[in-house]
K.L.:
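Before anything else, here's the structure in question.
Owing to the predicted nature of the structure, the values given are computational and were not obtained by experimental measurement. Just so it is clear, the values below take in all heavy atoms, side chains as well, and ignore hydrogens, waters and symmetry mates.
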Amino acid sequence: MNERSSYTIDVQVEPRFVPDQSRPGDNRYVFAYTITLHNAGDVPARLLTRHWIITDANGKVEEVTGEGVVGEQPWIRPGDQYEYTSGAVLETAVGIMQGSYQMLADDGTRFEAPIPAFTLSIPRTLH
């Protein structure tokens with residue numbers, strides 16, 4: 001058994017624009033994203049912390065770190081998944097988010113679950 005198969009959290013993201021909370025005239029663009037974490041490994045693990053890198057179309061970079069997600073530190077058994085929805089506010093109509101979750105397996109091993117880069121965009125902005 002190699003480390004990758006024992007400690008693998010697959011991350012899927014579905015972003016969407018939230019027009020009723022956005023004010024483009026004030027450079028306020030609100031996005032929501034739903035994250036699904038799937039424990040594809042062999043060991044139960046708890047999500048301890050998160051680290052986000054958010055870049056808007058002006059090149060402004062914001063880093064966000066903190067404990068858990070949406071007030072929780074979910075424990076995910078092998079084969080199970082955990083889903084949550086959160087959001088981000090940008091000053092531009094397009095941006096990119098990426099990052100990682102810091103995980104703790106039940107056997108005491110700490111590992112990272114990478115969050116692949118995904119685009120935040122108002123509809124009909126990108127082709």
Side-chain angles (χ1 to χ4, degrees):
M1 198 180 312
N2 65 33
E3 185 177 80
R4 171 136 176 88
S5 67
S6 295
Y7 311 104
T8 303
I9 303 293
D10 291 329
V11 180
Q12 294 184 344
V13 184
E14 290 185 30
R16 66 188 176 282
F17 178 58
V18 185
D20 59 324
Q21 294 180 25
S22 298
R23 292 190 306 277
D26 295 331
N27 294 324
R28 177 183 163 85
Y29 299 87
V30 178
F31 298 91
Y33 51 88
T34 299
I35 305 263
T36 303
L37 302 167
H38 174 255
N39 188 342
D42 302 323
V43 182
R46 181 170 308 281
L47 188 157
L48 298 177
T49 62
R50 68 191 183 281
H51 176 223
W52 285 106
I53 301 168
I54 307 164
T55 307
D56 72 14
N58 293 329
K60 177 182 172 187
V61 177
E62 180 182 0
E63 290 199 48
V64 178
T65 58
E67 290 189 8
V69 290
V70 294
E72 298 183 10
Q73 290 183 312
W75 179 73
I76 311 168
R77 292 186 299 242
D80 284 355
Q81 62 184 32
Y82 174 82
E83 183 178 281
Y84 74 95
T85 299
S86 191
V89 179
L90 301 182
E91 295 176 1
T92 61
V94 178
I96 295 173
M97 289 183 67
Q98 61 188 333
S100 62
Y101 298 112
Q102 291 67 48
M103 309 293 297
L104 176 63
D106 279 11
D107 66 6
T109 301
R110 290 179 180 264
F111 65 100
E112 281 198 356
I115 306 165
F118 60 95
T119 301
L120 302 172
S121 173
I122 65 172
R124 295 174 298 282
T125 300
L126 296 177
H127 300 280

K.L.:
At what distance, to the nearest 0.5 angstrom, does OH of Tyr29 lie from CG of Asp56?
P.N.:
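One gets 10.5 Å once the value is rounded to the nearest 0.5 Å.
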K.L.:
Hey, what do you get for CD (Glu83) to OG1 (Thr34), rounding to the nearest 0.5 Å?
P.N.:
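Rounded to the nearest 0.5 Å, the CD-OG1 separation comes to 6.0 Å.
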K.L.:
Treating Ile, Leu, Val, Met, Phe, Trp and Tyr as nodes and any side-chain heavy-atom pair under 4.5 angstrom as an edge, say whether Ile122 and Val30 lie in one connected cluster.
P.N.:
no
K.L.:
How far apart are the closest heavy atoms of Ala32 and Val18, and which atoms are they?
P.N.:
N-CG2, 3.7 Å
K.L.:
Nearest 0.5 Å please: distance from the OG1 atom of Thr55 over to the CG atom of Leu120.
P.N.:
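Going from OG1 on Thr55 over to CG on Leu120, the span is 10.0 Å.
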K.L.:
Is Ile115 reachable from Leu104 through a run of hydrophobic residues whose side-chain heavy atoms are each under 4.5 Å from the next?
P.N.:
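Different clusters.
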K.L.:
Which pairs with one or both residues in residues 81-115 pass ring-ring contact (aromatic ring centres under 6.0 Å, His included), sequence neighbours excluded?
P.N.:
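Qualifying pairs: Tyr7-Phe111.
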K.L.:
In Å and rounded to the nearest 0.5 Å, what is the CD1 to OG1 distance from Ile53 to Thr65?
P.N.:
11.0 Å
K.L.:
Where do Thr92 and Ala57 come nearest, in terms of heavy atoms and distance?
P.N.:
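Here Thr92 and Ala57 meet closest at OG1-N, 3.0 Å.
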K.L.:
At their closest point, which heavy atom of Pro78 faces which heavy atom of Gly41, and how far apart are they?
P.N.:
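Pro78 and Gly41 have their closest heavy atoms at CB-O, 3.4 Å.
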K.L.:
If you look only at pairs with a residue in residues 107-119, which of them pass as a salt bridge (Lys or Arg N to Asp or Glu O under 4.0 Å), with sequence neighbours excluded?
P.N.:
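Passing the test, one end in residues 107-119: no pairs.
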K.L.:
Measuring from Glu62:CD to Lys60:NZ, what's the distance to the nearest 0.5 Å?
P.N.:
6.5 Å
K.L.:
With side chain to side chain contact (heavy atoms under 4.5 Å, CB included) as the test, would you mind laying out the steps for Glu67 and Gln73 before giving the verdict?
P.N.:
CA-CA 7 Å; Glu67 290 189 8; Gln73 290 183 312; 4.1 Å; yes
K.L.:
Heavy atoms only: give me the nearest Ser22-Phe17 pair and the separation to one decimal.
P.N.:
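For Ser22 and Phe17, the tightest heavy-atom pair comes out as OG-CE1, 3.2 Å.
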K.L.:
Arg28 side chain to Gln21 main-chain N or O, any donor-acceptor pair under 3.5 Å?
P.N.:
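Looks like yes, one N/O pair under 3.5 Å.
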K.L.:
Show the nearest heavy-atom pair for residues Leu37 and Leu47, with the distance to one decimal.
P.N.:
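Looks like CD1-CD1, 3.5 Å.
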K.L.:
Any luck finding a side-chain donor-acceptor pair between Gln102 and Thr49 under 3.5 Å?
P.N.:
yes
